[in-house]
Undergrad: 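The structure under discussion is supplied below as structure tokens; questions concerning it will follow.
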Amino acid sequence: MVQFHEGEIAVQVKAGTRGVAEELKRGISDRLDLEFGRNEFFRDLRMVYLAAVDRYGDVWVSEASGEKGFFQAPDPNTLQVDVSNDYLLHGDPVREIFEEQSDTQVGVLAIDFDKRRRYRTNGQFLATKSTNGKVAVRVAEAFPNCPKYIQRRSIVGKRDTSGNQVLSGVQLPKEAIAMIQKADTLVFGTRNPRTGADVNLRGGNPGFVRVPSSSEIMWPEYRGNGMFNSSGNLEVDHHAGLLFIDYEGSGNILQVVGEASSDWDPQETFEGSTRAIRFRVKKFRLYTGSEPYEWKLNAFSDYNPVVAGHDQTGDRAGPFPVQVKLVKVVKESDSVSTFRFLAPRPVKFLPGQYASFDFQIAELGDFTRTWTLSETANSTTRGDVTLEISVKRKPGGVISNWLHDKAELGMEVTLTGIGGGLRAFGSDSDVVFAHSERHEKDRPFGGELDRRASTDEHLRLIRTVTDSSETLVDNRARGRITKQLLEPELADDPTSWTVYLCGPDRFMTEVSTALIEIGVPSKNLNTEAFNF
């Protein structure tokens with residue numbers, strides 16, 4: 001299995017995504033997943049992005065283009081690029097790297113903008129094995145990425161690139177700055193000690209990339225998959241490269257190389273992010289009118305946070321109410337699903353707080369409902385643009401069942417406020433988590449609980465199943481949560497424990513009585529109930 005390097009691990013730990021990243025790592029392979037139709041995806045592409053490192057250590061990013069079929073995978077370990085025609089610009093440093101260096105590490109980003117699909121591959125570019133105008137990449141890492149922040153655009157024709165010019169220098173000229181400031185997409189190249197060059201995409205609404213000066217570029221790092229491949233690379237090597245393309249406009253292509261670093265507490269404010277990347281320009285190349293295709297922008301990504309100063313009318317009237325959009329639904333168990341909402345600006349909340357929503361449903365009427373937030377914010381001081389609630393089906397529940405059965409991605413509801421809150425536990429606090437379900441299949445977050453318990457010596461689990469006929473697995477207990485189950489965990493010093501209870505009234509009454517009998521002070525009992 002592919003392992004994260006020390007830079008990626010360091011950023012994951014700092015961002016609090018270490019566990020999630022380890023789970024997602026299973027999707028990284030040392031071979032292409034051709035059995036899932038990946039080669040058909042490759043063969044339909046007319047452009048891909050490449051990153052390579054020159055002899056000075058600079059990371060250059062370029063667009064390679066050709067007719068359908070120019071890019072494909074003859075086997076699970078090899079990518080093949082047809083270079084019989086001009087697949088790279090003349091004078092492109094990436095072209096020169098491939099011509100001068102017999103074997104070099106390369107990052108490949110295969111992307112279909114219109115379908116919002118992307119696939120990343122890192123490997124060895126085997127220039128010395130070119131036959132019949134084709135060169136190969138031996139795969140070291142391969143994995144798909146999510147469609148977030150990809151703008152939908154499609155090729156509508158070919159562009160006349162005759163008469164194009166190339167400008168170069170060490171400080172960005174005004175035409176390059178203007179191009180960056182209106183960009184909705186950039187391609188970001190980095191390097192790491194394991195596989196060399198790596199390349200991925202960053203997207204947002206126009207204006208999300210800023211140019212503080214002719215020698216500096218910066219942009220917000222929006223929430224991603226939590227693996228932090230690019231940011232992790234920057235922890236161990238600051239060399240980086242950027243590619244900007246004016247797809248629908250002039251067709252200009254801008255390559256920039258330099259050094260980049262993560263800013264975890266930028267003085268500048270970015271909607272939708274509390275972290276930024278600062279890029280220091282070393283040199284640039286601007287190719288006028290050189291993008292070989294004419295493009296049409298079809299839609300911006302729904303995940304793009306609003307950019308301050310760009311169509312922000314009325315957006316800052318106050319924190320609440322605010323319209324939030326449903327962007328993802330994850331089934332956690334047979335009866336529980338997690339619903340992720342996207343806000344146009346960061347909303348401040350703390351672990352354990354709850355969110356109240358107003359629903360206006362034509363066939364049902366108007367309802368207000370409250371759920372505990374099931375996700376931590378990117379920043380406890382600035383908040384986050386995404387909020388998640390995990391909702392259980394409830395017999396007779398109007399909105400809970402409607403969410404499970406009728407909610408559609410893209411729908412908007414009103415977030416009316418954030419309130420309440422439980423004390424956040426420190427990393428060295430002893431925690432006993434007790435949970436009861438009628439059936440094991442209804443238990444949400446089972447894998448997450450197992451993973452945390454296996455890596456955290458301070459966390460102990462008590463899980464019960466109340467159905468009398470169900471086969472018990474993995475140390476599950478039969479029946480409800482009782483005094484007999486809790487006492488062995490708390491008996492050493494029951495007065496020191498603080499307890500949080502959530503569930504039906506009968507459950508909370510019975511468990512509260514048991515805890516007091518064990519010796520837990522009643523003032524240490526905290527209950528939560530939303531009685532509608």
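Residues take their numbers from the sequence shown, with the count starting at 1. Owing to the predicted nature of the structure, the values given are computational and were not obtained by experimental measurement.
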Undergrad: My understanding is that only one of Arg191, Arg285, Lys283 makes a salt bridge (charged side-chain N to carboxylate O under 4.0 Å, His left out) with Asp58; could you say which?
TA: Lys283

Undergrad: Ignoring hydrogens, what is the shortest heavy-atom contact between Arg345 and Pro321? Give both atom names and the distance.
TA: NH2-O, 4.4 Å

Undergrad: Which residue in the set Leu167, Thr288, Leu254, Ile180 passes side-chain contact (heavy atoms from CB on, under 4.5 Å) when paired with Glu175?
TA: Leu167

Undergrad: I'd like to check Val53 versus Thr104 (side-chain heavy atoms, cut-off strictly below 4.5 Å). Are they in contact?
TA: no

Undergrad: Are any of the side-chain heavy atoms of Leu403 and Phe339 separated by less than 4.5 Å?
TA: yes

Undergrad: Quick one: do Thr190 and Asp237 satisfy side-chain contact (heavy atoms from CB on, under 4.5 Å)? Show the steps, please.
TA: CA-CA 8 Å; Thr190 55; Asp237 192 324; over 6 Å; no

Undergrad: Whether the side chain of Arg120 engages the backbone of Leu109 through a donor-acceptor N/O pair (distance < 3.5 Å, no angle test) should be reported.
TA: no

Undergrad: Could you state the interatomic distance from CD (Glu22) to CD1 (Ile9), rounded to the nearest 0.5 Å?
TA: 7.0 Å

Undergrad: Quick one: does any side-chain atom of Glu141 pair with a main-chain N or O of Val139 as donor and acceptor, under 3.5 Å?
TA: no

Undergrad: Can we say Lys328 and Glu388 salt-bridge, meaning some charged N sits less than 4.0 Å from an Asp/Glu carboxylate O?
TA: no

Undergrad: Which label fits Phe341 and Phe357: parallel for a plane angle under 30°, tilted from 30 to 60°, or perpendicular past 60°?
TA: tilted

Undergrad: Under the ring pair (Phe, Tyr, Trp, His ring centres under 6.0 Å) rule, what do Phe188 and Trp219 come out as? Steps first, then yes or no, please.
TA: CA-CA 11 Å; Phe188 184 28; Trp219 63 89; 5.1 Å; yes

Undergrad: Looking at Glu8, His238, His239, His5, which one forms a side-chain hydrogen bond (donor to acceptor under 3.5 Å, both in side chains) with Asn233?
TA: His5

Undergrad: Below 30° counts as parallel, above 60° as perpendicular, anything between as tilted: where do the rings of Phe98 and Phe125 land?
TA: parallel

Undergrad: I'd like to know if the side chain of Arg159 reaches the main chain of Pro292, judged simply by a donor and an acceptor atom lying under 3.5 Å from each other, with no hydrogens or angles considered.
TA: no

Undergrad: Decide yes or no for Val257 and Val59: does some side-chain heavy atom of the first lie under 4.5 Å from some side-chain heavy atom of the second?
TA: no

Undergrad: Measure the CG-CE distance between Asn252 and Met179 for me, rounded to the nearest 0.5 Å.
TA: 5.5 Å

Undergrad: What are the two closest non-hydrogen atoms of Asp30 and Asn77, and how far apart are they?
TA: O-OD1, 4.1 Å

Undergrad: Mind telling me whether Phe42 and Phe71 have parallel, tilted or perpendicular rings, with 30° and 60° as the class edges?
TA: perpendicular

Undergrad: Could you verify whether a donor N or O on one side chain and an acceptor N or O on the other, from Asp198 and Asn122, lie under 3.5 Å apart?
TA: yes

Undergrad: Testing the 3.5 Å rule here: is there a donor-acceptor pair between the side chains of Ser213 and Ser215?
TA: yes

Undergrad: Checking side-chain polar atoms at under 3.5 Å, does Asn200 have a donor or acceptor matched by the opposite partner on Arg118?
TA: yes

Undergrad: Go through the side-chain N and O atoms of Gln255 and Asp92 and say whether any donor and acceptor fall under 3.5 Å apart.
TA: yes

Undergrad: Salt bridge check, Arg152 against Asp112: does any charged N sit closer than 4.0 Å to a carboxylate O?
TA: no

Undergrad: Using only heavy-atom distances, determine whether the side chains of Thr416 and Ser356 contain a donor-acceptor pair under 3.5 Å.
TA: no

Undergrad: Does the side chain of Ser374 come within less than 4.5 Å of Thr338's, by heavy atoms?
TA: yes

Undergrad: For the CZ atom of Arg153 and the CZ atom of Arg116, what is their distance to the nearest 0.5 Å?
TA: 10.5 Å

Undergrad: Could you tell me if Asn298 and Asp114 have a donor-acceptor pair between their side chains, going purely by distance under 3.5 Å?
TA: yes

Undergrad: Kindly give the heavy-atom pair with the smallest separation between Ala260 and Phe279, and that separation in Å.
TA: CB-CD1, 3.9 Å

Undergrad: Under the 3.5 angstrom rule, does the side chain of Thr17 hit a backbone N or O of Gly226 as a donor-acceptor pair?
TA: yes

Undergrad: So that I can tick it off, tell me whether Arg210 and Glu216 are bridged by a salt bridge, with the cut-off set at under 4.0 angstrom between side-chain N and carboxylate O.
TA: no

Undergrad: For a quick test of reading the model, state the closest non-hydrogen atom pair linking Ala110 to Leu45 and the distance between them.
TA: CB-CD1, 3.6 Å

Undergrad: Is Arg275 positioned over the aromatic face of Tyr222, cation under 6.0 angstrom from the ring centre and no more than 45 degrees off axis?
TA: no

Undergrad: Can you tell me if Arg18 and Gln12 form a side-chain donor-acceptor pair at under 3.5 Å?
TA: yes

Undergrad: So do Asp246 and Lys182 actually touch side chain to side chain, heavy atoms under 4.5 Å?
TA: yes

Undergrad: So, Glu332 and Ser337: side-chain donor and acceptor under 3.5 Å apart, yes or no?
TA: no

Undergrad: Which heavy atom of Thr386 sits nearest a heavy atom of Arg223, and at what distance?
TA: OG1-NE, 3.1 Å

Undergrad: Please report the shortest heavy-atom distance between Phe208 and Arg202, naming the atom on each side.
TA: CZ-O, 3.9 Å

Undergrad: With the side chain counted from C-beta on, respond yes when Leu172 and Val256 share a heavy-atom pair under 4.5 Å apart, and no when they do not.
TA: yes

Undergrad: Among Tyr293, Tyr247, Phe300, find the residue that satisfies the ring-ring contact (aromatic ring centres under 6.0 Å, His included) test when tested with Phe113.
TA: Tyr247

Undergrad: With a 3.5 Å distance limit and no angle check, can you tell me whether Asn145 reaches the backbone of Tyr119 through a side-chain donor-acceptor pair?
TA: no

Undergrad: side-chain contact (heavy atoms from CB on, under 4.5 Å), that's the test. Do Leu24 and Phe143 meet it? Break it down for me.
TA: CA-CA 10 Å; Leu24 291 175; Phe143 54 104; over 6 Å; no

Undergrad: Give the intermediate values and the outcome of side-chain hydrogen bond (donor to acceptor under 3.5 Å, both in side chains) for residues Asn304 and Asn205.
TA: CA-CA 6 Å; Asn304 291 350; Asn205 285 338; 3.1 Å; yes

Undergrad: One thing to verify: whether Glu67 and Lys158 come together as a salt bridge, which I'm taking to mean a side-chain N less than 4.0 angstrom from a carboxylate O.
TA: yes

Undergrad: Does Thr161 form a side-chain hydrogen bond (donor to acceptor under 3.5 Å, both in side chains) with Ser290? I'd like the steps, not just the answer.
TA: CA-CA 5 Å; Thr161 59; Ser290 296; over 6 Å; no

Undergrad: Please determine whether the number of non-hydrogen atoms from other residues, nucleotides or ligands lying under 6.0 Å from atom CD of Glu248 exceeds 12.
TA: yes

Undergrad: A quick test of your reading: do over 12 heavy atoms of other residues, nucleotides or ligands sit less than 6.0 Å from NZ of Lys148?
TA: yes

Undergrad: Test side-chain contact (heavy atoms from CB on, under 4.5 Å) on Tyr354 and Ile418; report intermediate values, then the result.
TA: CA-CA 6 Å; Tyr354 58 77; Ile418 304 290; over 6 Å; no

